[in-house]
Trainee: 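Can you keep this structure in mind? I'll have questions shortly.
Along the sequence shown, residues carry numbers from 1. Hydrogens, waters and symmetry mates play no part in the numbers below; they use all other heavy atoms, side chains included.
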Amino acid sequence: RSRSCSGASFRDADAMPTSLGASARAADVVEKQVRRARVDADTCSLNASLLRRKISSLADFHLRHWKPRSVSLREMQSTYGGLAGWGRTRFQIVDGALHYPDLKHNTFGCVLRRTPILAWALLELLERHPKLPDVDVPVNCRDKPGSELRPRRAPILAFSYTTGRGFSDVPLPDYTYWGLPYADLPPWPAWLKSMEEPQYAWGAKRDSIIWVGSPTNPLRSAFAKCAAAELGSTLVHRMPNKDQMHELAWRCKPGAPGTPCATKPDQWTPLEEQCRHRYILHMPGISDWLEHFKHQLACGSVNIFLGRRPNHRALPDGAAPARAAGVSAPRSFEHFDFSGPLLREGEGFIFVPLSGSGGGACKQLRATLRELDKSPAKAQCIARRGQQLAAELAMPRVYDYMASLLTGASLRQQAGVAKAAAKAERSRRVTKANFFSFVPPAKRPWMEHIFRQWHSDRFNATPLLPPRAEETASGLFH
């Protein structure tokens with residue numbers, strides 16, 4: 001059926017203003033993406049075997065900047081020292097065991113609960129791949145990559161959650177694969193399973209587009225000003241209260257085991273509610289990487305990314321190309337996570353390119369929705385392919401990627417680097433038996449009452465040891 005927008009159908013040509021210049025070019029890009037989607041049952045699905053080969057190639061792609069045994073202990077020490085304070089952490093794997101340095105409380109740390117979740121992920125990895133070689137793992141745990149490729153400087157081997165064409169950051173799977181406690185976002189396998197429920201089927205979705213976000217940059221501000229007039233009730237906009245979100249993320253504690261914080265911000269909209277809409281809108285915020293983009297792909301809606309195409313500057317002389325191992329950096333995003341090279345415009349999502357400050361954002365989005373409305377079977381095909389891509393990133397493949405990545409990083413580091421770094425940093429061994437002794441008091445409520453409940457079958461040998469020191473002590477999972 002035709003979608004109504006302020007009383008006018010998207011199929012009504014008279015209701016749609018003619019766009020010129022950048023708007024026309026953007027409409028042409030979107031039309032080509034929609035046209036690319038085939039609709040018959042046999043061809044709507046992605047080529048699963050090709051996709052799996054690409055997933056297997058991702059580790060080599062992200063490690064393309066280094067030759068074997070080219071990174072020294074001095075360089076790894078300098079790498080960690082150069083990462084932004086209060087946005088970094090570090091681990092070593094030595095002799096098949098996880099080690100954590102005696103890092104100073106006031107010189108490092110990751111926001112929210114990213115450090116203990118990463119520690120748990122690495123322990124789970126070692127149980128599945130116990131023969132991993134020694135490797136030093138300094139981590140930039142901010143949303144943006146931090147190791148820019150520069151002329152006449154060797155690429156920096158630091159791990160991160162994101163990377164980009166102009167960066168050497170090596171992306172680890174982000175923390176939400178294991179769950180995001182304060183956002184009630186369960187571990188990835190549970191999320192994928194929940195999206196099979198009938199209320200998320202295409203035919204059950206609301207014929208509308210939802211955007212959850214705040215006007216934190218000029219593009220979002222411009223869109224917020226024109227959205228009501230251009231899109232009317234077709235757009236469902238939720239803007240959670242910023243101060244209340246901060247309270248939820250940092251201060252509000254779970255009331256009991258398995259019971260998250262009961263106080264939610266005004267206009268709080270969980271991801272599963274967003275999945276009830278046929279179209280989900282994304283716009284860049286602090287970064288254009290969205291940790292939950294994979295979750296929204298998994299829910300079988302058409303995901304629409306509205307933003308400026310990155311200005312891909314020429315890489316410094318000698319830098320590795322942005323294509324290797326059969327995959328390449330995505331064109332649509334400045335920053336992307338480890339699975340970013342799998343994303344293709346028009347295949348599992350729609351990219352709407354903007355120019356300038358985004359003044360025509362609403363008209364271009366409206367034109368995009370009209371194009372999708374003309375081809376509902378193709379829109380459904382795009383949603384289906386996005387869902388298939390997300391499902392192929394099942395946890396066994398996530399762990400296999402991590403194992404390949406850390407094995408490859410070990411081969412790039414000189415022999416003995418991890419062991420020497422662990423000695424220099426007075427690292428302690430971390431096990432499931434002593435895991436909670438590293439969790440500082442401020443992070444314990446969520447880790448004990450929510451995260452532990454989610455992974456109860458894997459925590460069965462993990463006692464709730466008290467922190468081995470006060471909140472400001474060194475060597476805790478800050």
Side-chain angles (χ1 to χ4, degrees), residues 80 88-105 108-110 112-139 141 159 172-175 177-179 181 187-189 257 395-396 398-403 405-407 409-410 413 416-471 473-478:
Y80 177 75
R88 62 182 178 177
T89 191
R90 192 177 191 179
F91 292 90
Q92 291 98 24
I93 293 175
V94 176
D95 296 331
L98 184 65
H99 293 76
Y100 185 66
D102 187 31
L103 303 178
K104 299 292 183 287
H105 169 259
F108 84 103
C110 299
L112 303 173
R113 286 145 283 272
R114 295 183 183 184
T115 303
I117 291 175
L118 176 56
W120 178 258
L122 292 170
L123 288 173
E124 288 283 275
L125 173 67
L126 285 167
E127 288 193 1
R128 291 163 173 80
H129 297 271
K131 295 183 179 180
L132 284 181
D134 292 1
V135 61
D136 185 26
V137 188
V139 181
C141 50
F159 295 84
L172 291 165
D174 75 83
Y175 40 90
Y177 280 98
W178 292 269
W188 185 234
M395 286 308 294
V398 172
Y399 282 119
D400 287 348
Y401 165 78
M402 293 176 70
L405 191 75
L406 294 182
T407 298
S410 173
Q413 295 172 7
V417 162
K419 195 166 289 185
K423 182 178 180 180
E425 301 298 332
R426 297 181 297 165
S427 298
R428 296 180 175 86
R429 183 174 178 179
V430 181
T431 67
K432 285 192 173 182
N434 68 8
F435 176 83
F436 271 103
S437 70
F438 287 88
V439 180
K443 298 182 188 292
R444 290 183 71 88
W446 285 106
M447 295 303 296
E448 284 187 21
H449 297 318
I450 304 299
F451 192 82
R452 181 169 169 263
Q453 301 295 316
W454 282 342
H455 300 274
S456 58
D457 60 325
R458 308 294 298 176
F459 266 110
N460 53 14
T462 305
L464 289 174
L465 298 177
R468 51 185 187 78
E470 67 278 6
E471 178 70 28
S474 300
L476 297 178
F477 292 152
H478 290 293

Trainee: Could you list the residues that satisfy side-chain contact (heavy atoms from CB on, under 4.5 Å) with Asp95, not counting sequence neighbours?
Mentor: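 Partners of Asp95 by the side-chain contact (heavy atoms from CB on, under 4.5 Å) criterion, ordered by chain and then number, come out as Asp134, Lys419.
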Trainee: Are the side chains of Phe108 and Val139 in contact, using a 4.5 Å heavy-atom criterion?
Mentor: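 Result no, sub-4.5 Å side-chain heavy-atom pair not found.
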Trainee: Could you tell me whether Lys423 atom NZ has more than 12 heavy atoms of other residues or ligands within 6.0 Å of it?
Mentor: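 Check fails, neighbour count at 12 or below.
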Trainee: Verify side-chain contact (heavy atoms from CB on, under 4.5 Å) between Glu124 and Met402, making sure each step is shown before the conclusion.
Mentor: CA-CA 11 Å; Glu124 288 283 275; Met402 293 176 70; over 6 Å; no
Trainee: One pair to check against side-chain contact (heavy atoms from CB on, under 4.5 Å): Val439 and Leu476. What are the steps and the verdict?
Mentor: CA-CA 6 Å; Val439 180; Leu476 297 178; over 6 Å; no
Trainee: Does Glu448 form a side-chain contact (heavy atoms from CB on, under 4.5 Å) with Ile450? I'd like the steps, not just the answer.
Mentor: CA-CA 6 Å; Glu448 284 187 21; Ile450 304 299; over 6 Å; no
Trainee: More than 12 heavy atoms of other residues, nucleotides or ligands under 6.0 Å from CZ of Arg429: yes or no?
Mentor: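 Count not over threshold, so no.
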Trainee: Is there a side-chain contact between Leu406 and Leu125 in this structure, where contact means two heavy atoms from C-beta onward sitting under 4.5 Å apart?
Mentor: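 The answer is yes, as the side chains (C-beta and beyond) meet within the 4.5 Å cut-off.
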Trainee: Ignoring hydrogens and geometry, is there a side-chain-to-backbone donor-acceptor pair from Arg114 to Cys141 under 3.5 Å?
Mentor: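 Yes, Arg114 side chain to Cys141 backbone: donor-acceptor pair under 3.5 Å.
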Trainee: So Trp454 and Pro181, do their side chains get closer than 4.5 Å, heavy atoms only?
Mentor: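 Answer yes - side chains close enough.
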Trainee: Hey, mind stepping through Tyr399 and Tyr177 against side-chain contact (heavy atoms from CB on, under 4.5 Å) and telling me if it holds?
Mentor: CA-CA 10 Å; Tyr399 282 119; Tyr177 280 98; over 6 Å; no
Trainee: Within the side chain of Arg452, is there an N or O that forms a donor-acceptor pair under 3.5 Å with the backbone of Pro257?
Mentor: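 Flag not set: sc Arg452 to bb Pro257 has no pair under 3.5 Å.
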Trainee: Spell out, as yes or no, whether a donor-acceptor pair under 3.5 Å connects the side chain of His478 to the backbone of Glu471.
Mentor: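 Checked: pair present.
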Trainee: State whether Arg90 and Asp136 are salt-bridged, where the test is any N-O pair (Lys NZ or Arg NE/NH1/NH2 against Asp/Glu carboxylate O) under 4.0 Å.
Mentor: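 Yes, this pair counts.
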Trainee: Please verify the inter-ring angle class for Phe477 with Phe435; under 30° counts as parallel, over 60° as perpendicular, anything in between as tilted.
Mentor: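 Taking Phe435 first and then Phe477, their aromatic rings sit tilted (interplane angle of 30° to 60°).
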Trainee: To check you understand the geometry: which heavy-atom pair defines the closest contact between Pro116 and Met447, and what is its length?
Mentor: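 Nearest heavy atoms, Pro116 then Met447: CB-CE, 3.9 Å.
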Trainee: Quick one: which residue pairs count as a side chain to side chain donor-acceptor pair (under 3.5 Å) with a foot in residues 433-443, not counting sequence neighbours?
Mentor: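 Side chain to side chain donor-acceptor pair (under 3.5 Å) check on residues 433-443 returns Thr431-Asn434.
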Trainee: Strictly distance-based, threshold 3.5 Å: is any side-chain N or O of Arg444 a donor or acceptor partner for the main-chain N or O of Phe436?
Mentor: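 Yes, the answer is positive, given that a donor and an acceptor are paired below the 3.5 Å cut-off.
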Trainee: Are Thr462 and Trp120 side-chain neighbours, meaning at least one heavy-atom pair lies under 4.5 Å?
Mentor: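 Yes, at least one pair of side-chain atoms sits under 4.5 Å.
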Trainee: Please state whether the rings of Phe451 and His455 are parallel, tilted or perpendicular, taking 30° and 60° as the class boundaries.
Mentor: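 Phe451 and His455: tilted rings.
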Trainee: Apply salt bridge (Lys or Arg N to Asp or Glu O under 4.0 Å) to Glu127 and list each qualifying residue two or more places apart in sequence or on a separate chain.
Mentor: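 Here the qualifying residues are Lys432, Arg458.
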Trainee: Report yes or no: is the cationic atom of Arg88 (NZ for Lys, CZ for Arg) under 6.0 Å from the centre of the six-membered ring of Tyr80, at an angle within 45° of the ring normal?
Mentor: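 Yes, Arg88 lies over the aromatic ring of Tyr80.
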